[in-house]
**Q** 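The structure follows.
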Amino acid sequence: MTSDSYFYFFIIISISMKQFSIILAVMLAMLVSACGGFKSAETPINGTLTAFTAEGKASGDTLIGVKNIQGDIVIEPGDYTSIDADENLIFCNRPNGTVTVCRYDGTDYGTYDTFTRSASENNVFYIAVSGEITTYCFVDAAQIACRRSYLGKNNFFAETDSVWNVYDYTGNKVWSLPQSAMVIESVQTGELIIAVPEKGKHPKCALYTTEGKKIQTLSASRWRNFKKQFSQPSEVGTLRIYRVIPPKYVRLSIAPPVLSADEINQVKCNLYTKKYMEHYLA
């Protein structure tokens with residue numbers, strides 16, 4: 001073998017060893033990666049639940065699931081952007097913007113466009129929206145689905161089958177509004193009363209609480225004067241809401257009105273006069 005042959009043989013051997021080194025390095029890297037595996041990250045989302053990550057089928061995909069304090073999986077890993085929870089429900093946010101809601105045992109509560117927590121005093125409820133349907137969700141009551149609704153101070157109104165029903169904020173139905181009913185809202189307090197005028201040329205008008213308890217009946221003249229204060233109503237479908245400053249003769253509840261000192265003295269004077277007249281003119 002000539003010196004040139006030795007030179008080229010050495011180059012071939014050098015190149016082959018270099019390629020072998022590269023292949024070996026790649027194989028070792030793959031082996032190290034395989035030995036390390038996918039490492040799940042865990043994040044507590046409240047006192048009893050933990051969100052964890054899992055490897056998806058496609059390379060680089062990460063799924064999110066939920067397990068309880070005992071380590072049992074309550075929500076299988078899925079394609080969620082994030083998962084959160086409050087004391088009642090678990091909220092799984094999807095890449096398309098919708099929210100899948102589950103109970104603590106993992107059972108499905110529903111998937112919605114939006115799902116918002118709300119509260120009235122100590123009562124927690126949720127407002128779910130899917131397309132044109134709004135659903136009021138209560139922890140210990142049935143869901144109330146409707147196309148139109150109005151939230152008041154102590155009650156909310158939901159229209160179902162062309163009837164406006166009144167609910168309290170625990171989800172219980174308390175009344176169905178008569179067809180001619182108007183909602184009157186006090187500008188000062190936000191209290192609501194329901195006005196149901198009679199039919200006729202000079203109608204009287206009965207006033208009710210939002211629970212359907214009668215407060216008083218206004219004479220035709222008082223009802224006529226009261227209506228003069230009405231501005232343009234807010235309309236939700238067929239429901240009309242008037243925001244006004246009620247005059248003194250309009251009560252907002254079935255409780256007796258609170259009288260001022262002058263009014264109390266006037267009542268006492270009237271009673272004294274009545275007794276005087278009864279005694280001396282009998």
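Because only heavy atoms are used, hydrogens play no part in the values below, and waters and symmetry mates are left out as well, while side chains stay in. Here the structure is a predicted model, which is why all the values come from computation and not from measurement.
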**Q** Please tell me whether I241 and M182 are part of a single hydrophobic cluster in this structure, the criterion being side-chain heavy atoms less than 4.5 Å apart.
**A**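 No, I241 and M182 fall in different hydrophobic clusters.
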
**Q** Does one side chain, of S231 or R243, offer a donor that lies under 3.5 Å from an acceptor on the other?
**A**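 Result is no, nothing qualifies.
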
**Q** If you apply the rule side chain to side chain contact (heavy atoms under 4.5 Å, CB included), what do you find for I193 with I215, and how did you get there?
**A** CA-CA 9 Å; I193 57 174; I215 301 172; 3.8 Å; yes

**Q** Check the pair E55, K39 against salt bridge (charged side-chain N to carboxylate O under 4.0 Å, His left out), reporting the backbone distance first and the verdict last.
**A** CA-CA 9 Å; E55 189 176 19; K39 292 185 178 180; over 6 Å; no

**Q** Just so I know, are the side chains of Y208 and Q216 near enough to count as touching, which here means a heavy-atom distance under 4.5 Å?
**A**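 The answer is no; the side chains never approach within 4.5 Å.
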
**Q** For the CD atom of Q179 and the OG atom of S162, what is their distance to the nearest 0.5 Å?
**A**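 Interatomic distance, Q179 CD to S162 OG, rounded to 0.5 Å: 9.0 Å.
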
**Q** Do I83 and F91 belong together in a cluster built from hydrophobic side chains that touch within less than 4.5 Å?
**A**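 Each belongs to a different hydrophobic cluster.
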
**Q** Taking the six-membered ring for Trp and the full ring for Phe, Tyr or His, determine whether the centres of Y136 and Y167 are under 6.0 Å apart.
**A**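 Judged by ring-centre distance (under 6.0 Å), Y136 and Y167 do not meet the cut-off.
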
**Q** Can any side-chain N or O of S40 pair as donor or acceptor with the backbone N or O of T53 at less than 3.5 Å?
**A**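 The answer is yes, because a donor-acceptor pair under 3.5 Å joins these two groups.
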
**Q** In the structure I gave you, are the side-chain heavy atoms of V183 and Y242 within less than 4.5 Å of one another anywhere?
**A**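 In short, these two side chains do not touch, never coming nearer than 4.5 Å.
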
**Q** For the atom pair CD1 (I75) and SG (C92), what is the distance rounded to the nearest 0.5 Å?
**A**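 Answer rounded to 0.5 Å: 3.5 Å.
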
**Q** Any carboxylate oxygen within less than 4.0 angstrom of a Lys/Arg side-chain nitrogen, looking at R147 and E132?
**A**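 Salt bridge flag = yes for E132 with R147.
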
**Q** Distance only, no hydrogens: is a donor on one side chain within 3.5 Å (strictly under) of an acceptor on the other, for T210 and N154?
**A**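 Side chains of T210 and N154: no pair found under 3.5 Å.
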
**Q** Let me check something: do V236 and I133 share a hydrophobic cluster, defined by ILVMFWY side-chain heavy atoms less than 4.5 Å apart, either directly or through other members?
**A**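 No, V236 and I133 fall in different hydrophobic clusters.
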
**Q** Strictly distance-based, threshold 3.5 Å: is any side-chain N or O of N225 a donor or acceptor partner for the main-chain N or O of S221?
**A**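 At least one qualifying donor-acceptor pair exists.
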
**Q** Is it the case that one hydrophobic cluster holds both V196 and L218, taking links as side-chain heavy atoms less than 4.5 Å apart, direct or via other members?
**A**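 V196 and L218: separate clusters.
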
**Q** Kindly say whether F157 contributes a backbone atom to a donor-acceptor pair with the side chain of S149 at under 3.5 angstrom?
**A**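 Absent.
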
**Q** Under a 3.5 Å threshold, yes or no: a donor from one side chain and an acceptor from the other, between T100 and T111?
**A**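 The answer is yes; a qualifying pair exists.
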
**Q** Does a donor on one side chain sit under 3.5 Å from an acceptor on the other, for Y150 and N155?
**A**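 Looking only at side-chain atoms, N155 and Y150 do not form any donor-acceptor pair under 3.5 Å.
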
**Q** Can a donor-acceptor pair be found, under 3.5 Å and without considering hydrogens, that links the side chain of Y249 to the backbone of R222?
**A**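 Pair found, side chain donor or acceptor close to backbone of R222.
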
**Q** Give the cluster check for F230 versus L252: same hydrophobic cluster or not, with ILVMFWY residues linked at side-chain heavy-atom distances below 4.5 Å.
**A**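 Yes, because F230 and L252 connect within a single hydrophobic cluster, where side-chain heavy atoms sit under 4.5 Å apart.
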
**Q** Side chain of D168, backbone of T170: donor and acceptor closer than 3.5 Å?
**A**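 At least one qualifying donor-acceptor pair exists.
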
**Q** Show, in sequence, the C-alpha distance, side-chain angles and deciding distance for I144 and F138, and conclude whether the side chain to side chain contact (heavy atoms under 4.5 Å, CB included) test is met.
**A** CA-CA 9 Å; I144 301 163; F138 300 86; 3.9 Å; yes

**Q** For the residue pair T209 and I194, establish whether any side-chain heavy-atom pair is separated by less than 4.5 Å.
**A**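 SC-SC contact between T209 and I194 ruled out.
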
**Q** For a quick check under 3.5 Å, do Q188 and S186 share a side-chain donor-acceptor pair by atom type?
**A**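 Present: a donor and an acceptor within the cut-off.
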
**Q** With heavy-atom distances below 4.5 Å as the criterion, would you say the side chains of E185 and E191 are in contact?
**A**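 With C-beta onward as the side chain, the pair stays apart.
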
**Q** Side chains of T48 and N46: closer than 4.5 Å at any heavy-atom pair?
**A**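 Yes, at least one pair of side-chain atoms sits under 4.5 Å.
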
**Q** Can the ring centres of F156 and Y169 be said to be less than 6.0 Å apart?
**A**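 When the ring centroids of F156 and Y169 are compared, they turn out to be within the sub-6.0 Å range.
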
**Q** Has the side chain of R103 got a donor or acceptor atom that lies under 3.5 Å from a matching backbone atom of D108?
**A**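 Checking the backbone N and O of D108 against the side chain of R103, a donor-acceptor pair under 3.5 Å is found.
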
**Q** When you compare the side chain of T217 with that of L207, does any pair of heavy atoms fall below 4.5 Å?
**A**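 A side-chain contact under 4.5 Å is absent here.
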
**Q** Quick check for you: to the nearest 0.5 Å, what is the distance between C146 atom SG and R148 atom CZ?
**A**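 C146 atom SG to R148 atom CZ measures 10.0 Å (nearest 0.5 Å).
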
**Q** Are any non-hydrogen side-chain atoms of V101 and Y112 less than 4.5 angstrom apart?
**A**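 Yes, side chains in contact.
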
**Q** Starting at CG of L177, measure out to CH2 of W175 and round the result to the nearest 0.5 Å.
**A**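 The CG atom of L177 sits 6.0 Å away from the CH2 atom of W175.
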
**Q** Side-chain contact, heavy-atom cut-off 4.5 Å: L49 with Y104?
**A**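 Side-chain contact under 4.5 Å: yes.
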
**Q** Please walk me through it: do D86 and R117 pass side chain to side chain contact (heavy atoms under 4.5 Å, CB included)?
**A** CA-CA 9 Å; D86 65 4; R117 177 188 169 104; 2.7 Å; yes

**Q** Run S176 and N165 through side-chain hydrogen bond (donor to acceptor under 3.5 Å, both in side chains) and show every step you take.
**A** CA-CA 4 Å; S176 294; N165 295 314; 2.6 Å; yes

**Q** Quick one: does any side-chain atom of K204 pair with a main-chain N or O of W223 as donor and acceptor, under 3.5 Å?
**A**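 Checking the backbone N and O of W223 against the side chain of K204, no donor-acceptor pair under 3.5 Å is found.
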
